[in-house]
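Take a look at the structure set out below.
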Amino acid sequence: MASKPSTYSLEEQVPTPFDFRSTIQAHGWVVLRPFEWHEPTAALSRIHRLETGKVVQLHLHDGNKVIRIEIDTVSSLTTDEETEIRQSVRRMLRLDEGFEAFHQLSKQLDGQSLALKPGSGRLLRCPRLFEDIIYTLCTTNIAWSGTKRMVDRLVAKLGDPFMDIHDQRAFPTAEAIAAAGTDFLKQETGLGYRSAYVWELATAIVEGQVDLDAFEDQALPTDELYRMLRQIKGVGDYAASTILMLLGHYDRLAIDSEMRAFVSTKYFDNQPASNDQIQAIYAPWGRWQYLAYWFESLSN
DNA sequence: GTCCAGGTCGCGC
DNA sequence: GCGCGACATGGA
């Protein structure tokens, strides 16, 4: 049992401009395990299970035009593992997405009320789509405190530990969730009726009936992705639209109680707003409408 | 105890 | 295609 971790350091180029703090903190995922934000060092950490099964701890720091990646690991990393980590970081921070058009449109349309900081626009996501979908399912029909609680327990009960440290665990694999079964999920993680949805998705992935990599194809139109996502049980209109955002498709609003309340207050004098009315508000933003809403509600 | 939370499903019409 | 009740759980 190796006990002393070694630390690797990698660097990953970032686009310019790039706002590290906004990317991480503009979205709630940062407070969901195994994400962790450490303010004194301004570092984002995440216990991460590699495809090989090796569990490492990642620490991301803002560098000069780079992300510095520190990796705590009990055994040395192969080239493939390094590559996997780099790709995970690129996905989490959306380093391959461009937001120039969003900023340009913002100046054109609404430069006053939606003051975007240079380099903002990116919203943190998980290293893998599977994790983003489970997080999203944990936001449905529940208060945010409940989301945190459910994710906490899911990780605590089913995630692989880092260096045998019991409260330092990676996000569970589909295999672990599938093997756990719905009774376990209900009793141990507090997922409630969502247990069946989470278990069914995990099982479908393990059995090869669902291939989530197919969803990452940027060439697929939003409507088609939406139809594909809706086939996952438990993923309704809100969840599908949220997952589309996570996939980098911002041309569809995820209308939920939060958005309804915000739009009603800001644009309709606290009167209830219909879906059509909400969509009309953000329609001018075209393929950026989700982000327009998101950053508008943040700056409020 | 009762209500409800960043919804969704499966019904019946 | 739309309206409605049920759904697990825990905090207010």
Side-chain angles (χ1 to χ4, degrees), chain A residues 24-33 35 123-126 129-158 172 177 180-204 210 223 225-247 249-268 270 272-279 281-282 289-300:
Chain A
I24 287 159
Q25 304 212 320
H27 194 243
W29 269 198
V30 66
V31 302
L32 300 180
R33 292 295 196 96
F35 277 126
L123 300 178
L124 179 68
R125 55 183 177 174
C126 295
L129 177 58
F130 174 67
E131 301 165 353
D132 280 327
I133 296 178
I134 303 299
Y135 275 12
T136 301
L137 285 172
C138 289
T139 67
T140 58
N141 196 26
I142 191 92
W144 183 243
S145 61
T147 301
K148 286 193 280 190
R149 186 178 55 246
M150 291 190 293
V151 173
D152 262 9
R153 293 192 195 167
L154 203 47
V155 171
K157 300 287 181 178
L158 293 173
I177 292 174
T182 52
D183 287 345
F184 180 93
L185 290 172
K186 258 193 194 173
Q187 288 156 22
E188 303 292 330
T189 70
L191 260 75
Y193 68 89
R194 299 168 197 77
S195 299
Y197 303 147
V198 168
W199 181 82
E200 276 183 42
L201 174 62
T203 302
V210 168
D223 287 349
L225 281 167
Y226 179 83
R227 281 192 291 274
M228 290 161 63
L229 287 165
R230 286 298 302 269
Q231 289 175 7
I232 301 171
K233 209 185 276 183
V235 174
D237 178 68
Y238 153 80
S241 304
T242 300
I243 296 163
L244 282 170
M245 172 280 281
L246 290 160
L247 284 166
H249 299 262
Y250 308 111
D251 51 336
R252 186 178 180 104
L253 298 175
I255 300 178
D256 58 13
S257 56
E258 283 286 308
M259 184 182 292
R260 227 173 261 296
F262 173 76
V263 172
S264 150
T265 302
K266 175 151 183 178
Y267 294 100
F268 294 96
N270 288 319
S274 70
N275 285 12
D276 286 348
Q277 286 175 311
I278 295 172
Q279 276 154 2
I281 295 289
Y282 294 102
Q289 47 191 292
Y290 187 109
L291 291 181
Y293 155 73
W294 192 267
F295 283 93
E296 191 180 271
S297 71
L298 275 188
S299 62
N300 209 52

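Letters go in sequence order (proteins before strands), and every chain restarts at 1.
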Students often get this wrong, so: under 4.0 angstrom with heavy atoms, is [X] touching a base, only sugar-phosphate, or nothing?
X	result
Y293(A)	base
G234(A)	sugar-phosphate
A239(A)	sugar-phosphate

To the nearest angstrom, the CH2-P distance between W144(A) and dC4(B) comes to 23 Å

Rounded to whole Å, the CG-C1' distance (D256(A) to dC4(B)) equals 15 Å

OH of Y250(A) to OG of S241(A), rounded to nearest 0.5 Å, is 14.0 Å

*Between dG5(C) and dC3(B), how far apart are the C1' atoms? Round to whole Å, please.*
16 Å

*May I ask you to decide if C138(A)'s main-chain N or O and T147(A)'s side chain share a donor-acceptor pair within less than 3.5 Å?*
yes

Flag the pair Y226(A) / V235(A) as yes when at least one side-chain heavy-atom distance between them is below 4.5 Å, and no otherwise.
no

Heavy-atom distance under 4.5 Å between the side chains of L201(A) and I134(A), does that happen here? yes

Nearest to the side chain of [X] - [options]?
X	options	result
N141(A)	dG7(B), dG6(B), dT8(B)	dG7(B)
R194(A)	dG10(C), dA8(C), dG6(B)	dA8(C)
K233(A)	dC9(B), dT8(B), dG10(C)	dC9(B)
E258(A)	dC7(C), dG6(B), dG10(C)	dG6(B)

**Asked** dG7(B) base to Y193(A) side chain: any donor-acceptor pair below 3.5 Å?
**Response** yes

Does [X] make a side-chain N or O approach to OP1 or OP2 of [N] shorter than 4.0 Å?
X	N	value
R260(A)	dG7(B)	no
T139(A)	dG7(B)	no
K186(A)	dT9(C)	no

Closest to the 5' end of DNA chain B, once V235(A) and W294(A) are matched to their nearest nucleotides, is W294(A)

Task: Donor-acceptor side-chain pairing of N270(A) and T265(A) below 3.5 angstrom - done: yes

